[in-house]
Q: 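Below is a structure I'd like to ask you about.
Each residue takes its place number in the sequence, starting with 1. Counting starts at 1 for both ligands and their atoms, in listed order.
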Amino acid sequence: MASTLIRGGKVVTAAQTQDADVLIEGELIKEVRPGIPASAAGRVVEAGGLYVLPGGIDAHTHLDMPFGGTTSSDDFETGTRAAAYGGTTTLVDFAIQPRGTRMRQALDTWWRKAEGRSCIDYGLHMIITDLGGAGLEDMDEMVREGVASFKLFMAYPNVLMVDDATIFKALAQTAKNGALICMHAENGSVIDVLVARALAEGKTAPVYHALTRPPRAEAEAVHRAIALAEIAGAPVYIVHLSSEDALNEVREARDRGVPAYAETCPQYLLLSVEELERPGFEGAKYVFTPPLRPKEHQPKLWEGLKHDHLQVVSTDHCPFCFEDQKVLGKGDFTKIPNGGPGIENRLQLLYHHGVNAGQLSLNRFVELTSTTPARLFGMYPRKGEIAPGSDADLVLWDPRAPHTISAKTHHMRVDYSMFEGFQVRGNARRVFSRGELIVDGERFLGQPGRGRYLKRVTHGGAWK
Ligand code: URP
Ligand code: ZN
Ligand code: ZN
């Protein structure tokens, strides 16, 4: 069995930082301690001056997803390769149940998209659009297949949105089967009225996407989602939380001991609504939901990360090219495909603006980007940990490496970067996935299709 010794690095987990060597045997971590002899392994990788981190876990991506009359531009090959370059070794993507169909069909469809393409390990959430017929049984079947989480939409009426009765039934089912509901929390019905009003007034530019989706519409939905979860006796996880208003709802619930969890994304921490006012329709590059908020929300979200009111940073990577996809909404902001790219830049941005800026400890950085997503989504301790028996998904992180983010050099299949010109310090130098070196500097060594589907486990009611 192939063995590798990673020698002389600083091993950083959510719980501790220590000078230690890591011995990999086959796909797993065998030993973590200082002073493992070089003779223990067939290959030695020197990691002096580097951090050894558990591979990043992005719990929210949309690869090869049909949406807004087109399909997200990264598929499972290009998207997972870009993720790996950025130090992410696991992702959880979303299968979508078309209305009137069985969830099994959607799962098969997404397995086919990923099979032969994914360069890293992946799990799938199931987006529920319809609980009629055998929906509740389907949820249990999905859990048996390792789909330990579901996403429901309180927005996008007539497309993905479900009503409160459906939300409540799904939550009640997870109270029994132990899965976790991820909620897209925005009041879609109210937003639709605001959108119709804006269009009637001739307000068609990209910025009206943001102005018709106010923070209170997010906060109201977060409040409702948590209340419904409480009635059902189930936990709930709010996805892509963007505003102070919404954050206050999560904090208030958690202070009462409710198992409510939430993620935010780098775009909400670092960008603001002004981006949508860029001239030449460039604002369309920043059209995603929930929208970017006024700058004042950003420090509140950083505080939320510090104090565990927010538990996860994911990307909501949903790329559409500017030239031939975002342009579909020229003259009508409602036709701009909603979504933005970011799968490659999550660790760089959070490390630089979090750790370097003194907002997050190194251990908290690891917790937010790897360990907590592994725990919440049923992959821990196989993923998200550096310990004997865990998968050898490891990132050798160079804390001094300068990097300028740009569409000219990124590996995502999209013609722009939301963070164009951002200068960061700290980057992945080498990336191992189940013991295999898949990124070595600029060289990609992994093969498409080597990534495996992860059968995730539920918590069976063991929420805090
Ligand atoms: O605009 C976004 N966020 N697109 C992806 C779909 C979603 O709501 O997560
Ligand atoms: Zn969403
Ligand atoms: Zn999303």
Side-chain angles (χ1 to χ4, degrees), residues 58-74 79 83 91-98 110 122-129 149-162 167 180-188 191-192 195 206 208-210 212-213 217-218 221-222 225 236-243 246 261-269 271 273 275-276 283-293 312-322 325-326 328-329 333-343 346 373 377 412 414 416 418:
D58 193 341
H60 189 153
T61 66
H62 301 278
L63 301 175
D64 199 359
M65 182 178 82
F67 198 48
T70 182
T71 301
S72 58
S73 59
D74 266 321
L91 53 81
V92 192
D93 205 85
F94 293 84
I96 306 179
Q97 173 211 21
W110 257 263
Y122 65 97
L124 291 168
H125 312 279
M126 178 63 62
I127 292 178
I128 297 174
T129 59
S149 44
F150 299 86
K151 183 176 179 188
L152 297 174
F153 282 79
M154 302 170 94
Y156 301 122
N158 305 315
V159 185
L160 294 167
M161 184 169 130
V162 289
I167 292 170
L180 180 61
I181 297 282
C182 302
M183 197 68 80
H184 179 126
E186 287 184 298
N187 187 319
I191 287 168
D192 252 20
V195 166
Y208 291 104
H209 170 77
T212 53
R213 308 183 89 91
E218 186 183 20
V222 169
V236 67
Y237 177 92
I238 308 296
V239 291
H240 46 45
L241 187 142
S242 68
S243 65
Y261 305 89
E263 65 176 22
T264 190
C265 313
Q267 52 271 34
Y268 302 117
L269 293 163
L271 304 174
V273 64
E275 306 288 358
L276 283 92
K285 294 177 177 175
Y286 302 88
V287 167
F288 40 79
T289 46
L292 291 175
R293 306 299 187 186
V312 172
V313 176
S314 59
T315 60
D316 193 11
H317 176 76
C318 187
F320 296 104
C321 289
F322 180 65
Q325 294 185 294
K326 289 286 185 180
L328 294 170
F333 70 87
T334 66
K335 305 234 162 38
I336 302 170
N338 283 202
I343 205 166
R346 182 178 63 124
F377 292 107
M412 300 178 283
V414 61
Y416 74 97
M418 293 199 289

Q: Using a 4.0 Å heavy-atom threshold (strictly under), name the region of K151 that reaches ligand 1: side chain, backbone, both or neither.
A: side chain
Q: Could you name all protein N, O or S atoms found under 2.8 Å from the Zn ion (ligand 2)?
A: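 Near the Zn ion (ligand 2), below 2.8 Å, one finds K151 NZ, H184 ND1, H240 NE2.
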Q: Holding to salt bridge (charged side-chain N to carboxylate O under 4.0 Å, His left out), I want the full list of residues that pass it with D64, two or more places apart in sequence or in another chain.
A: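 For D64, the residues satisfying salt bridge (charged side-chain N to carboxylate O under 4.0 Å, His left out) (neighbours in sequence not counted) are K113.
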Q: What do we get for N338 next to ligand 1 when only non-hydrogen atoms under 4.0 Å count, side chain, backbone, both or neither?
A: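 Within the 4.0 Å criterion, N338 contacts ligand 1 through backbone and side-chain atoms alike.
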Q: Report the nearest protein non-hydrogen atom to atom 6 (C) of ligand 1: residue, atom name, distance rounded to 0.1 Å.
A: H62 NE2, 3.7 Å
Q: Between E218 and R213, is there a side-chain N and carboxylate O pair less than 4.0 Å apart?
A: no
Q: Can you classify the ring geometry of F153 versus Y156 as parallel (below 30°), tilted (30 to 60°) or perpendicular (above 60°)?
A: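 Geometry flag for Y156 against F153: tilted rings.
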Q: Decide if the gap between the ring center of Y416 and the ring center of F320 is smaller than 6.0 angstrom.
A: no
Q: Among all protein heavy atoms, pick out the one at the shortest distance from atom 3 (N) of ligand 1; state its residue, atom name and that distance to 0.1 Å.
A: D316 OD2, 2.7 Å
Q: Measure from the Zn ion (ligand 3) to each N, O or S atom of H60 and report whether any distance is below 2.8 Å.
A: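 Of the N, O and S atoms in H60, at least one lies under 2.8 Å from the Zn ion (ligand 3), which means yes.
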Q: What's the verdict on side-chain contact (heavy atoms from CB on, under 4.5 Å) for Y268 and L292, showing C-alpha distance, side-chain angles and the deciding distance?
A: CA-CA 6 Å; Y268 302 117; L292 291 175; 4.2 Å; yes
Q: Measure from NZ or CZ of K151 to the centre of the six-membered ring of F94 and say whether it is under 6.0 Å with the direction within 45° of the ring axis.
A: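 Pair K151/F94 counts as cation-pi.
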